2 protein chains.
Amino acid sequence: MEIAPYRTIGRLTRYWRTLRDLAAEGESHIYSHLLAAKAQVTAAQVRRDLMVLGYTGTPARGYEVKKLREHIETFLFPAPENQQKAALAGVGNFGRALLKFFSGRRPTLKIVASFEADADKFDRVIGGCRCYPIEKAAEVIRGQDITVGILAVPDREAQEVADIFVEAGVRGIMNFARTPLQTPESVYVEEIDLAMSMDRVAFFARQARQSEQDAQNAQNAQDACGAGGGAGERRAP
Amino acid sequence: MEIAPYRTIGRLTRYWRTLRDLAAEGESHIYSHLLAAKAQVTAAQVRRDLMVLGYTGTPARGYEVKKLREHIETFLFPAPENQQKAALAGVGNFGRALLKFFSGRRPTLKIVASFEADADKFDRVIGGCRCYPIEKAAEVIRGQDITVGILAVPDREAQEVADIFVEAGVRGIMNFARTPLQTPESVYVEEIDLAMSMDRVAFFARQARQSEQDAQNAQNAQDACGAGGGAGERRAP
DNA sequence: TTAGCATTGTGAATTGATTCACGTCGATTG
DNA sequence: CAATCGACGTGAATCAATTCACAATGCTAA
């Protein structure tokens, strides 16, 4: 079941984008360390990641941009004729922004339907796709063979909608609600908890500030009185 | 510098939310395995995470909801009087949605300013905070002592804005652009690459579908001809 | 008062991902 | 044509995070 570590899959899409840009700039070859620099990882990481593809570069020229890109595409994306489809639940502020954000942009996955509990929004076309009442979800998902679901509903509704989606055949979910979902083993869930990310950023930012200030204070203390305490840092004489 | 593994910090905010809900329901105590169930992790994980707090429960009653919550607050959040402030760059569809999403909701961190390159938006109040031209960013950030930045600008501008932010004193960044940022060691960056997440969800969804279909086909093949091949699954007689 | 029990806190083991380090290869150069 | 060089692929080592497993704890009930 595990074809490749999940972080590798993520990085491959970044490499793919970089290769697209490189191709646009007319580059024909690239070395692992240059690709690494552009993706902010180490060269060894790149080489390790690319092992899953079965494609190999040459020591002299590195990787062929065109070929490597094709291999990543073959590995990551379905053939265009069976493009995957996604549906979004919850057409609030955030849901609408997601619809606009993803519309057009992703050639590999298309959002083809949205669902809402609020009757005001039914049948309107928002962000390029029709909005159905949530009761029709199972029907639409089965009818259009939708495999990916995006949950932008209020926290308390997330699990319920997820259950409907999974039952109807969805096998991958992006969950923007802050309630971690319970789903069968076979369903992949990407939890995107922005409030959590925010708290974490705030925490580490505060810590960085703190340690800068501490360093500053230590500096001042040292400047003020020549004889430092027992536990302080050592400076060159 | 490393006070706790970064994943632990993230989970602590989830525990905190759960504790808030539990308190609202009038629960006074909770066991690690129940907290774990609500946060979708293992009991051992919860206990390990809580070690960083220095608070300890009792074998008989588990953790006191009120006290544990307070300890997490003390650990994660600054005192109310020096609440942290954040600024958002890029007031497009997505930026606006983020402003609305975070406004009010986060007591621990407040978005107090937004920045834009597009002159049409200057001075308007969007999502509860004033929109400044990006040129004023350094000044506003220093003036208001903003420590956290949220980047919702187009990919190619992200690095440039990040540099301005960091120079002005920002020490934590949420980056919604798909270009990984280069920043000094001391700045914490949370890369939120939605396109990457989307690709990954699509990939694993496809894989799950595939393996279900394979299983289905294997099943049909077995049903059709009684004598299975050498490598097939065994079924109970 | 004591035995029994479920739970905590944590050292040790495990798992999974990343990095190291080196044998190999193919181009280039003198 | 042989020597040199730099980059690739990958087994092994390292590092970080999670899970295991068990001694210690303090309640409950007889």
Side-chain angles (χ1 to χ4, degrees), chain A residues 1-15 18-19 22 27-69 71-72 75 180 185 188 191 196 200 204, chain B residues 1-15 19 22 27-65 67-69 71-72 75 180 185 188 191 196 200 204:
Chain A
M1 165 102 197
E2 273 295 325
I3 285 186
Y6 112 109
R7 283 149 164 283
T8 295
I9 302 297
R11 283 188 299 262
L12 283 174
T13 84
R14 290 229 286 244
Y15 303 151
T18 305
L19 291 166
L22 284 168
E27 299 289 336
S28 71
H29 290 80
I30 181 107
Y31 295 117
S32 62
H33 61 272
L34 296 178
L35 197 47
K38 287 183 188 284
Q40 295 279 311
V41 295
T42 66
Q45 182 78 81
V46 169
R47 295 203 300 275
R48 174 69 64 193
D49 286 337
L50 298 187
M51 281 179 70
V52 304
L53 300 177
Y55 167 74
T56 111
T58 73
R61 304 225 170 286
Y63 305 97
E64 261 188 75
V65 171
K66 189 163 176 302
K67 286 219 172 137
L68 178 52
R69 184 179 164 194
H71 274 264
I72 295 180
F75 182 79
E185 267 289 306
Y188 177 81
E191 300 282 352
M196 183 185 93
R200 192 153 56 187
F204 285 114
Chain B
M1 165 106 196
E2 273 294 326
I3 285 187
Y6 111 109
R7 283 151 166 281
T8 294
I9 302 297
R11 283 187 300 263
L12 284 173
T13 85
R14 291 229 285 244
Y15 303 150
L19 291 166
L22 284 168
E27 299 289 337
S28 72
H29 290 80
I30 181 106
Y31 295 118
S32 63
H33 62 272
L34 296 178
L35 197 48
K38 287 185 189 283
Q40 295 278 311
V41 295
T42 66
Q45 181 79 80
V46 169
R47 296 204 299 275
R48 174 70 64 190
D49 286 337
L50 297 188
M51 280 178 70
V52 303
L53 300 178
Y55 167 76
T56 111
T58 73
R61 303 225 171 285
Y63 305 96
E64 262 188 76
V65 171
K67 285 219 174 138
L68 179 51
R69 184 181 163 192
H71 274 264
I72 295 180
F75 182 79
E185 269 289 307
Y188 177 81
E191 300 281 352
M196 184 185 92
R200 193 153 55 187
F204 285 114

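Note that this is a predicted model, so its numbers are computed, not measured. Letters A, B, ... are given to chains in the order of the sequence lines, protein chains preceding strands, and every chain is numbered from 1. Hydrogens, waters and symmetry mates play no part in the numbers below; they use all other heavy atoms, side chains included.
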Does C:dT8 have OP1 or OP2 under 4.0 Å away from a side-chain N or O of B:T56? no
Taking OH from A:Y6 and P from D:dT18, how many angstroms apart are they, rounded to a whole number? 11 Å
B:A44 side chain, from C-beta outward: closest of D:dT18, D:dT19, D:dC8: D:dT19
Below 3.5 Å is the cut-off: list the nitrogen or oxygen pairs between protein and nucleotides 25-29 of chain C, distance only.
from   : atom 1 : to    : atom 2 : distance (Å)
C:dT28 : OP1    : A:R61 : NH2    : 3.1

Side chains of A:V52 and A:L12: does their closest heavy-atom pair fall under 4.5 Å? yes
Side chains of B:V41 and B:Y15: does their closest heavy-atom pair fall under 4.5 Å? yes
Quick one: which of D:dC8, C:dA17, D:dT19 gets closest to the side chain of A:P5? C:dA17
Once you apply a heavy-atom cut-off of 4.0 Å, does B:T8 come out as touching a base, just sugar-phosphate, or nothing? nothing
So which heavy atom on B:R47 is nearest to which on B:Y63, and how close? CG-OH, 3.6 Å
Note: for A:R7 and B:L50 on DNA chain C, the residue whose nearest nucleotide lies more 5' is B:L50
Residue pair A:S32 / A:A43: nearest heavy atoms and the distance that separates them: OG-CB, 3.9 Å
Restricting to non-hydrogen atoms, name the atom on A:D49 and the atom on A:R11 that form the minimum distance, rounded to 0.1 Å. OD2-NE, 2.7 Å
Closest to the A:R48 side chain: D:dG11, C:dT8, D:dT19? D:dG11
What is the separation between atom CE on A:M51 and atom C1' on D:dA12, rounded to the nearest whole Å? 13 Å
Can you tell me if the side-chain N/O atoms of A:S32 get under 4.0 Å from OP1 or OP2 in D:dA7? no
Just to confirm, is there a sub-4.0 Å distance from OP1 or OP2 of D:dG9 to any side-chain nitrogen or oxygen of A:Y63? yes
Between C1' of D:dC8 and NE2 of A:H33, the distance in whole Å: 12 Å
Any side-chain heavy atom of B:Y55 within less than 4.5 Å of one from B:L68? yes
Rounded distance (Å) that lies between atom P of D:dT10 and atom OH of A:Y55: 14 Å
Please determine, for the side chain of A:R47, which listed nucleotide (D:dT18, C:dA21, D:dA7) has the closest atom? C:dA21
If you pin A:Q45 and B:I30 to their nearest nucleotides in DNA chain C, which one's is more 5'? B:I30
Within this structure, what is the OH-to-C1' distance between B:Y31 and D:dT25, rounded to whole angstrom? 13 Å
A side-chain contact here means heavy atoms from C-beta on lying under 4.5 Å apart; do A:I9 and A:F75 qualify? yes
